[in-house]
Amino acid sequence: MFDLIVKGGFLPDGNVSDIGITGDRITAIEPLGSAEAGQVIDATGDLISPPFVDPHFHMDATLSYGLPRINASGTLLEGIGLWGELKQVMTQDEVVSRALTYCDWAASMGLLAIRSHVDTCDDRLLGVEALLEVRNQVKDYIDLQLVAFPQDGFYRDPKARDNTIRALDMGVDVVGGIPHFERTMADGAASVTELCEIAAARGLQVDMHCDETDDPHSRHIETLAYETQRVGLHGRVAGSHLTSMHSMDNYYVSKLLPLIAEAEINAIPNPLINIVLQGRHDTYPKRRGLTRVKEMLAMGINVGWGQDCVLDPWYSLGTGDMLDVAFMGLHVAQMTSPDEMRTCFDMVTTNNAKTMGLQDYGLHVGAKASLVVLDAGTPVEALRLRAARLHVVANGRVVSQAPRADAALSLPGRPASSRRRHVLG
């Protein structure tokens, strides 16, 4: 007797199976025949996926677009300045309300694990307190990790260092930084060193906004790789954005990539945001705003797509759909072979789960019973369609359901309905 059975769906590897769930755990992945269950989901012909995972987001700023004004230039730096204005007038209740609304969107999209940076350059630590409250409220259906993020610079802001440590003392999970925003390259490198030492002393992970710039001389990822090895943080460090790498000399990159791989650093490109923010000073040719994704994957580096922003000072669109993120990444990185497209799906599921260090994640017996039933037959078809999330199961409980994306047509001599599903091969 199972609490829930998901019957007859395609697994990401193409196999067809039933999934039996008892309590909050997957207890069987096999043909279950006439086994009984309190609830049965018929997933025949549909894709069953582990939950989507976003390792890079800013939940304290989400859904604030237009407050107190719009980013007229569309640049990263104006967005940072605008966020500074918003921090002066926002309230804790507003941050909680916006964040919970976003978590509702996320759950409906099958996005059940999020790592959010939270600004620590505010003496009130208002955003920290707000997101700690949100983390507790959504813990039954979303794994929310928080990163202590000194948005205005760990050294550049005179109080950021103390506030970042205070945030970690309050229970924030991950150590963040923004070395390229410090006053000098030397300060940026020093901030990487100290922040990695703080993480090592506390047994925490590190996730730094690293080299989010078009400047090819911004090379803090090299320092991050060195410090990761020096203090023994292998596999527990992420470099987010890494956009300067798209402008770096190829010979230098040929040295850099092996260092990143050796340190087991995870890479988090954010294609929706960086294709919009980067290259703003270029005429033509105009840079694409994305790090060297395919080259890093070829080196065995764990790379996963991040959402970054939704309706905030830096990005005026977004829905919380990680298939949108992977779809954009697929195009910008020119990952269009069947294997590469399949990898793009992994980059918003299993790769990102590895970056976040999620325990008991995935579709296997003993794993947490969280999964998504998609209106698609394969991972590639899910990307092509940005497929509807027919059922979202979080910790053994159905938390969201949606209809199929079918259209009723009235065309002479043609079928009465149309579905965009069309699996090749």
Side-chain angles (χ1 to χ4, degrees), residues 56-90 98 116-122 127 147 149-157 160 176-185 187-188 191 207-221 239-248 268-293 305-318 324-325 328-329 331-333:
H56 189 99
F57 196 63
H58 292 266
M59 198 173 285
D60 50 354
T62 197
L63 308 189
S64 66
Y65 179 69
L67 301 174
R69 58 185 177 82
I70 289 172
N71 184 341
S73 70
T75 62
L76 171 67
L77 293 181
E78 184 176 352
I80 292 174
L82 177 54
W83 170 242
E85 296 173 26
L86 177 57
K87 281 192 294 185
Q88 302 307 310
V89 297
M90 69 185 189
R98 290 191 279 104
S116 175
H117 295 255
V118 54
D119 192 350
T120 57
C121 292
D122 175 2
V147 184
F149 176 48
Q151 172 79 73
D152 299 325
F154 189 64
Y155 293 143
R156 185 172 180 172
D157 184 299
I178 186 167
H180 58 277
F181 197 62
E182 301 290 354
R183 289 189 178 88
T184 66
M185 292 290 184
D187 276 358
S191 75
D207 189 334
M208 289 198 186
H209 285 62
C210 205
D211 305 322
E212 188 184 5
T213 171
D214 295 326
D215 179 5
H217 301 293
S218 184
R219 297 177 172 183
H220 296 296
I221 181 57
S240 293
H241 296 291
L242 305 175
T243 58
S244 69
M245 203 182 296
H246 68 190
S247 303
M248 288 176 180
I268 309 173
N270 298 283
L272 290 171
I273 304 308
N274 288 126
I275 196 67
V276 167
L277 294 180
Q278 307 311 129
R280 288 277 180 167
H281 297 290
D282 294 351
T283 52
Y284 290 93
K286 185 180 284 286
R287 284 166 285 190
R288 300 174 71 83
L290 193 71
T291 192
R292 302 192 187 206
V293 174
W305 302 119
Q307 171 85 246
D308 200 3
C309 304
V310 167
L311 291 169
D312 69 8
W314 296 275
Y315 189 59
S316 52
L317 299 170
D324 272 345
V325 177
M328 175 61 82
H331 284 79
V332 181

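The figures that follow rest on heavy atoms only: side chains count, while hydrogens, waters and symmetry mates do not.
Inter-residue side-chain proximity for Tyr155 and Thr184 is flagged as unmet; no heavy-atom pair is nearer than 4.5 Å. Considering only heavy atoms from C-beta on, Pro313 stays 4.5 Å or farther from Asn71 through its side chain. For the pair Leu290 and Asn274, the minimum side-chain heavy-atom distance is 4.5 Å or more. Contact check for Ser247 versus Asp215: no side-chain heavy atoms found under the 4.5 Å cut-off.
For the ring pair (Phe, Tyr, Trp, His ring centres under 6.0 Å) test, no residue two or more places apart in sequence or in another chain qualifies with His217. Not a single ring pair (Phe, Tyr, Trp, His ring centres under 6.0 Å) links Tyr315 to another residue, sequence neighbours left out. Judged as a salt bridge (Lys or Arg N to Asp or Glu O under 4.0 Å), and not counting sequence neighbours, the contacts of Asp207 are Arg115. By the ring pair (Phe, Tyr, Trp, His ring centres under 6.0 Å) test, His209 pairs with His56, His58, His117, Phe149, His241, sequence neighbours left out. For the salt bridge (Lys or Arg N to Asp or Glu O under 4.0 Å) test, no residue two or more places apart in sequence or in another chain qualifies with Asp312.
Across all their heavy atoms, Ser218 and His180 have their closest contact at OG-CB, 3.6 Å. Between Lys87 and Cys121, the shortest heavy-atom contact is NZ-O, 3.3 Å. Between Pro271 and Val325, the closest heavy-atom pair is CG-O, 3.5 Å. Taking each heavy atom of Thr62 and Phe57 in turn, the nearest pair found is OG1-CZ, 3.5 Å. When every heavy atom of Thr75 is checked against every heavy atom of Leu277, the shortest pair comes out as C-CD2, 3.9 Å. Across all their heavy atoms, Asp211 and Ile221 have their closest contact at OD2-N, 3.0 Å.
In this structure, CD1 in Ile178 is found 10.0 Å from NE2 in His220, a value given to the nearest 0.5 Å. For the atom pair CG (Asp308) and CG (Leu272), the distance works out to 9.0 Å, reported to the nearest 0.5 Å. Atom OH in Tyr65 sits 3.5 Å away from atom CD1 in Ile70 (nearest 0.5 Å). How far CG of Leu76 is from CH2 of Trp314: 8.0 Å, rounded to the nearest 0.5 Å. Interatomic distance, Arg69 CZ to Leu82 CG, rounded to the nearest 0.5 Å: 5.0 Å. Summarising the geometry, atom CZ belonging to Arg292 is positioned 12.0 Å from atom OG1 belonging to Thr243; distances are rounded to the nearest 0.5 Å.
Looking only at distances, a side-chain donor or acceptor of Asp214 sits under 3.5 Å from a matching main-chain atom of Gly279. For Arg288 (side chain) and Ile275 (main-chain N/O), no donor-acceptor pair under 3.5 Å exists by modelled atom type. Listed for the Glu182 side chain is no donor-acceptor partner under 3.5 Å among the backbone atoms of Asp187. With hydrogens and angles ignored, the 3.5 Å screen pairs no side-chain donor or acceptor of Ser191 with any backbone N or O of Phe154.
When each of Asn270, Val293, Ile268 is checked for a side chain to side chain contact (heavy atoms under 4.5 Å, CB included) with Trp305, only Val293 meets the rule. When Gln151, Glu212, Arg156 are each tested for a side chain to side chain contact (heavy atoms under 4.5 Å, CB included) with Phe181, only one passes: Arg156.
For the salt bridge (Lys or Arg N to Asp or Glu O under 4.0 Å) condition, the pairs that include at least one residue of residues 269-283, sequence neighbours left out, are Asp282-Arg287.
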